[in-house]
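Notes follow the structure.
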Amino acid sequence: MSLSELVRTLYGVDRPQGCTEAEIAAVRERFGALPAAVEDFWRTFGHTKQLNFGQDDWVFPTHYAKWTWLEEIDALVLLNENQSVGQACVRRTDLALPDPPVYLWIGPDGPWELSSPTFSAFLEAALTYEAVWQLPCSPEEIFELSEADRKVVQTRLTRRPTVLKNWFFSEVTFYSSRPDNLVVVMDMGNGEYQATYGGATKESYTALLEVMEGLGAPI
């Protein structure tokens, strides 16, 4: 599934809005270089408000123009955790790469934890993860899954190929029964799992409930 298809089916956006070349150039001048893959994302989606209706905030060129706290981070910030506990970043030393690795950064004293070997892979995984928090049909709860519950999800739903790592969970995997519904399984470590899910329409949500209803305990 292309990014445009993902955004259309999970976010309901048929016509994404992108940044202007001048907006991108202003950030490029600030850093000296920008990865081509990041520029392409901004050029296509950089003014698409629906992308920031989820759990966390994508950082676009307009944010660099108004969020002064970004100056404190010596890296290109891509995604800001909803309470600014940490950020997904491209390290300054990697900015000349066309599709660089993405790291989770938690403060100046914290380690850089690799989230993805490329921005493109991170982007698909993060867009999928953020989508579940704004799907219009959902139980509005997070569930704790047993190992048996997790196996039901794995065997009865189709796993999406993308994986999100080191975004405040060990690993996040994604499952669907249709392109417009989604189950997010968060590996908390130590054999503990949490999940949330939803659908873009009542029909797609009802289809998902055929598997998910009764699984897990609300947290």
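Contact of the W105 side chain with the V77 side chain is not registered, since no non-hydrogen atoms from C-beta on lie closer than 4.5 Å. Y193 is not listed as a side-chain neighbour of T173, based on a closest heavy-atom distance of 4.5 Å or more. Two residues are said to be in side-chain contact when any heavy atoms from C-beta on lie closer than 4.5 Å; Y197 and F143 meet this criterion. Side-chain contact between E130 and D56: present, with at least one pair of heavy atoms (C-beta onward) separated by less than 4.5 Å. Contact check for P35 versus P98: no side-chain heavy atoms found under the 4.5 Å cut-off. Side-chain contact between L79 and V59 is absent, with no heavy-atom pair separated by less than 4.5 Å. With contacts defined as side-chain heavy-atom distances shorter than 4.5 Å, the pair E171/V163 qualifies. Side chains of D57 and N82 form no contact here, defined as non-hydrogen atoms less than 4.5 Å apart.
Among residues two or more places apart in sequence or in another chain, the ring pair (Phe, Tyr, Trp, His ring centres under 6.0 Å) test is passed with F31 by Y64. Remark: W133 pairs with Y129 by the ring pair (Phe, Tyr, Trp, His ring centres under 6.0 Å) rule, at least two apart or across chains. With sequence neighbours left out, F169 forms a ring pair (Phe, Tyr, Trp, His ring centres under 6.0 Å) with no residue at all. With sequence neighbours left out, E213 forms a salt bridge (Lys or Arg N to Asp or Glu O under 4.0 Å) with no residue at all. Partners of F45 by ring pair (Phe, Tyr, Trp, His ring centres under 6.0 Å), not counting sequence neighbours, listed by chain and number: F41. With sequence neighbours left out, the salt bridge (Lys or Arg N to Asp or Glu O under 4.0 Å) criterion links D180 to R178. Partners of N190 by side-chain contact (heavy atoms from CB on, under 4.5 Å), not counting sequence neighbours: none found. For the side-chain contact (heavy atoms from CB on, under 4.5 Å) test, residues two or more places apart in sequence or in another chain that qualify with S138 are E140. Partners of D74 under the salt bridge (Lys or Arg N to Asp or Glu O under 4.0 Å) rule, at least two apart in sequence or in another chain, are R92.
Across all their heavy atoms, P136 and G199 have their closest contact at CD-O, 3.6 Å. Shortest non-hydrogen contact noted between V102 and L114 is O-CD1, 3.6 Å.
In the hydrophobic cluster analysis, where Ile, Leu, Val, Met, Phe, Trp and Tyr join through side-chain heavy atoms closer than 4.5 angstrom, F53 is grouped apart from L10. Note on F122: it clusters hydrophobically with V85, by side-chain heavy-atom contacts below 4.5 Å among ILVMFWY residues.
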Under the criterion side-chain contact (heavy atoms from CB on, under 4.5 Å), I'd like the reasoning laid out for W42 against V27: C-alpha separation, chi angles, the key distance, then a yes or no.
CA-CA 11 Å; W42 288 350; V27 183; 3.9 Å; yes

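Relative ring orientation between W112 and Y103 is described as perpendicular, the plane-to-plane angle rising above 60° on a 0-90° scale split at 30° and 60°. Taking the six-membered ring where the residue is Trp, W67 and H63 present tilted rings, their angle falling between 30° and 60°.
Around the CD atom of E144, the shell of radius 6.0 Å holds no more than 12 heavy atoms that belong to other residues, nucleotides or ligands.
A donor-acceptor pair is defined here as one N or O able to donate and one able to accept, closer than 3.5 Å; such a pair exists between the side chain of E81 and the backbone of Q83. Between the side chain of S176 and the backbone N or O of N181 there is at least one donor-acceptor pair closer than 3.5 Å. Looking at N52, its side chain does come within 3.5 Å of a backbone N or O of W58 through a donor-acceptor pair.
Counting only residues at least two apart or in different chains, salt bridge (Lys or Arg N to Asp or Glu O under 4.0 Å) contacts with residues 151-161 are absent. Screening residues 5-31 for side-chain hydrogen bond (donor to acceptor under 3.5 Å, both in side chains) gives S2-E5, T20-E23, E21-R43, E23-H47, R28-E39 as the qualifying pairs, with residues at least two apart or on separate chains. Residues in residues 113-128 take part in these side-chain hydrogen bond (donor to acceptor under 3.5 Å, both in side chains) pairs, two or more places apart or across chains: D99-S120.
Looking at T44 and D40, their side chains never bring a donor and an acceptor atom within 3.5 Å of each other.
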